[in-house]
Amino acid sequence: MSEMVLERTSIGRAIRTNTWAMALLVYVFITLQKPLSHMYVVTMIYMFPPDFIWKYVVAFFIGCGGIVLIYKGLNKDEVKGSLMGLFGGILVWDSWFEMGMDFFEHRNSIPMVKDAAGVPTLLGSHVILEMSGIFLLATLLITLFQKDMRCRMLLWIRKNLGLREGTGKPTQGLKPQTARVAFNEYLYVTWFMYVFMILLIDPRIAGLHHPFTYAISAAVFCWSIYLLYKQTKQNEVGLMIRYAIGAAGVAWYNLEIIALWDWMEEFWVRPDKYPIACLITIGIFALMARFVWLTPVSPESGKSAKID
């Protein structure tokens with residue numbers, strides 16, 4: 001099986017030389033990370049009782065492994081550095097944030113939020129995440145004022161708010177540490193989109209079936225289509241990875257919200273019920289990860305060749 005991986009076939013070579021094909025493969029690969037994260041989190045949370053402290057200890061050390069990955073990726077080429085930053089960010093978010101919020105929810109007996117009919121809408125951990133939006137905003141503002149910040153969304157905001165002169169010119173010749181950039185991208189996009197969705201579906205603000213929620217969700221869908229289009233315009237694999245982290249992070253909102261509307265069932269949150277579908281998803285993700293990891297890069301520039 002290992003001799004039949006994608007990059008050894010004519011299809012693999014065709015993908016590597018086609019911008020659209022490679023960009024879409026990277027996009028799908030990063031999107032598939034979301035189901036895997038859900039499988040991990042729901043297994044850790046629901047397989048063991050809330051008072052089983054060892055699951056949180058294990059999660060803490062898994063998160064530490066994510067930090068090690070990011071550190072090891074700081075001096076890697078753009079492709080491997082971006083991937084290591086992405087994988088490190090996944091482990092940190094799932095193990096420290098997701099499991100940490102679950103821990104504090106149960107330790108502090110934070111109640112669920114219910115709608116007018118008494119139906120539970122938000123878990124206690126969601127309430128913690130919703131409150132964390134204050135800290136998210138503060139740290140985003142600090143990042144916005146950082147002159148060497150490269151986030152395209154924040155650069156667009158800085159440009160339209162006329163903040164360029166105040167922040168100063170970027171440092172010339174500065175080579176970004178792609179592992180750190182990918183980690184920040186994953187952390188903040190994931191954090192922002194979850195806080196954003198929770199604020200919308202909170203019945204004390206709008207609610208899951210409020211017209212405002214439907215209108216904003218339609219706007220997010222259009223935004224995600226635009227980001228997918230921009231993803232196909234990236235012509236270097238390291239850039240594709242980092243851009244797809246944001247593009248796929250926004251697009252994932254669409255699947256989350258339609259699942260909450262009961263328009264689809266998320267098989268990835270029930271690995272006990274859909275083990276075959278979950279295993280297939282893991283297998284496809286692993287093959288794609290290996291294919292992207294083996295992208296040839298220039299020893300001089302540390303980048304992959306630009307794709308036509």
Side-chain angles (χ1 to χ4, degrees), residues 23 25-41 59-60 62-74 76-101 129 132-133 135-137 139-140 142-144 146 148-155 176-198 220 223-224 227-228 230-231 234 236-256 268 281 285-286 288-289 292-293 295:
L25 183 142
V26 170
Y27 181 88
V28 172
F29 153 66
I30 291 179
T31 301
L32 285 178
Q33 166 272 313
K34 297 294 187 181
L36 268 64
S37 286
H38 281 73
M39 293 176 208
Y40 165 72
V41 172
F60 172 78
I62 291 175
C64 290
I67 297 297
V68 172
L69 268 179
I70 298 163
Y71 175 74
K72 293 289 187 181
L74 293 177
K76 298 291 186 181
D77 61 67
E78 285 221 8
V79 173
K80 291 182 174 61
S82 297
L83 286 173
M84 293 175 78
L86 166 66
F87 294 145
I90 294 168
L91 295 180
V92 169
W93 177 266
D94 292 345
S95 299
W96 286 3
F97 280 71
E98 294 276 12
M99 295 301 295
M101 288 183 291
L129 186 56
S132 75
F135 308 107
L136 170 65
L137 179 61
T139 55
L140 280 176
I142 294 170
T143 305
L144 180 66
Q146 216 282 332
D148 294 315
M149 177 271 301
R150 296 169 184 263
C151 172
R152 298 190 188 190
M153 175 60 71
L154 292 182
L155 286 172
Q177 295 172 306
T178 54
R180 179 185 57 80
V181 173
F183 166 66
N184 282 342
E185 183 84 8
Y186 182 82
L187 177 67
Y188 277 101
V189 170
T190 303
W191 193 2
F192 177 85
M193 292 307 300
Y194 272 126
V195 170
F196 178 76
M197 183 174 67
I198 289 170
V220 172
W223 183 25
S224 64
L227 292 177
L228 176 57
K230 294 292 288 184
Q231 167 73 9
Q234 310 306 311
E236 189 270 312
V237 176
L239 284 174
M240 289 177 183
I241 295 168
R242 297 191 299 279
Y243 197 90
I245 291 172
V250 171
W252 189 253
Y253 170 95
N254 301 308
L255 291 177
E256 292 277 11
W268 45 84
T281 303
F285 177 83
M288 287 186 167
V292 177
W293 179 269
T295 299

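In what follows, every heavy atom counts, from backbone to side chain, and hydrogens, waters and symmetry copies are set aside.
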Partner residues of [X] under the side chain to side chain contact (heavy atoms under 4.5 Å, CB included) criterion, sequence neighbours left out:
X: V68; value: K72
X: F60; value: C64, W96
X: L91; value: I62, L69
X: V189; value: E185, M193

Nearest heavy atoms of [X] and [Y], plus distance in Å:
X: A251; Y: S224; value: CA-CB, 3.7 Å
X: A244; Y: I30; value: CB-CD1, 3.6 Å
X: I90; Y: S37; value: CG2-OG, 3.5 Å

All ring-ring contact (aromatic ring centres under 6.0 Å, His included) counterparts of Y27, not counting sequence neighbours:
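With sequence neighbours excluded, Y27 shows a ring-ring contact (aromatic ring centres under 6.0 Å, His included) to no residue whatsoever.
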
For F135, check ring-ring contact (aromatic ring centres under 6.0 Å, His included) against everything at least two apart and list the hits.
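ring-ring contact (aromatic ring centres under 6.0 Å, His included) list for F135, sorted by chain: empty.
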
Output, in order, the C-alpha distance, side-chain angles, deciding distance and verdict of side-chain contact (heavy atoms from CB on, under 4.5 Å) for V250 and F192.
CA-CA 9 Å; V250 171; F192 177 85; over 6 Å; no

Kindly compute the distance separating [atom1] ([X]) from [atom2] ([Y]), expressed to the nearest 0.5 Å.
X: T281; Y: L36; atom1: OG1; atom2: CG; answer: 7.0 Å
X: S132; Y: M101; atom1: OG; atom2: CE; answer: 7.0 Å
X: I245; Y: I241; atom1: CD1; atom2: CD1; answer: 7.5 Å
X: M197; Y: E256; atom1: CE; atom2: CD; answer: 4.5 Å
X: L227; Y: M153; atom1: CG; atom2: CE; answer: 6.5 Å

Looking at residues at least two apart in the chain, or sitting in another chain, which of them share a side-chain hydrogen bond (donor to acceptor under 3.5 Å, both in side chains) with [X]?
X: K34; result: T190
X: T139; result: Y188
X: Q231; result: none
X: E98; result: W93

Donor-acceptor pair, distance only, cut-off 3.5 Å: does the side chain of [X] make one with the backbone of [Y]?
X: E236; Y: G238; answer: yes
X: T295; Y: V292; answer: yes
X: K80; Y: W293; answer: yes

With W252, the ring-ring contact (aromatic ring centres under 6.0 Å, His included) member among Y194, Y186, W268:
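The ring-ring contact (aromatic ring centres under 6.0 Å, His included) with W252 is passed solely by W268 among Y194, Y186, W268.
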
Would Q146 and L154 count as a side-chain contact (heavy atoms from CB on, under 4.5 Å) if you check the C-alpha gap in whole Å, the side-chain angles of each, and the deciding distance to 0.1 Å?
CA-CA 10 Å; Q146 216 282 332; L154 292 182; over 6 Å; no

Could you name each residue pair satisfying salt bridge (Lys or Arg N to Asp or Glu O under 4.0 Å) that touches residues 239-248, not counting sequence neighbours?
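For residues 239-248, and leaving out neighbouring residues, the salt bridge (Lys or Arg N to Asp or Glu O under 4.0 Å) pairs sorted by first residue read E78-R242.
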
Would you list the atom pairs, donor with acceptor, under 3.5 Å between side chains in residues 176-184 and any protein atom, with sequence neighbours excluded?
none

Hey, does D94 have a side-chain heavy atom less than 4.5 Å from the side chain of M99?
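Heavy-atom side-chain distance check fails, nothing below 4.5 Å.
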
Side-chain touch L144/L140, heavy atoms, less than 4.5 angstrom:
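L144 vs L140: side chains apart.
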
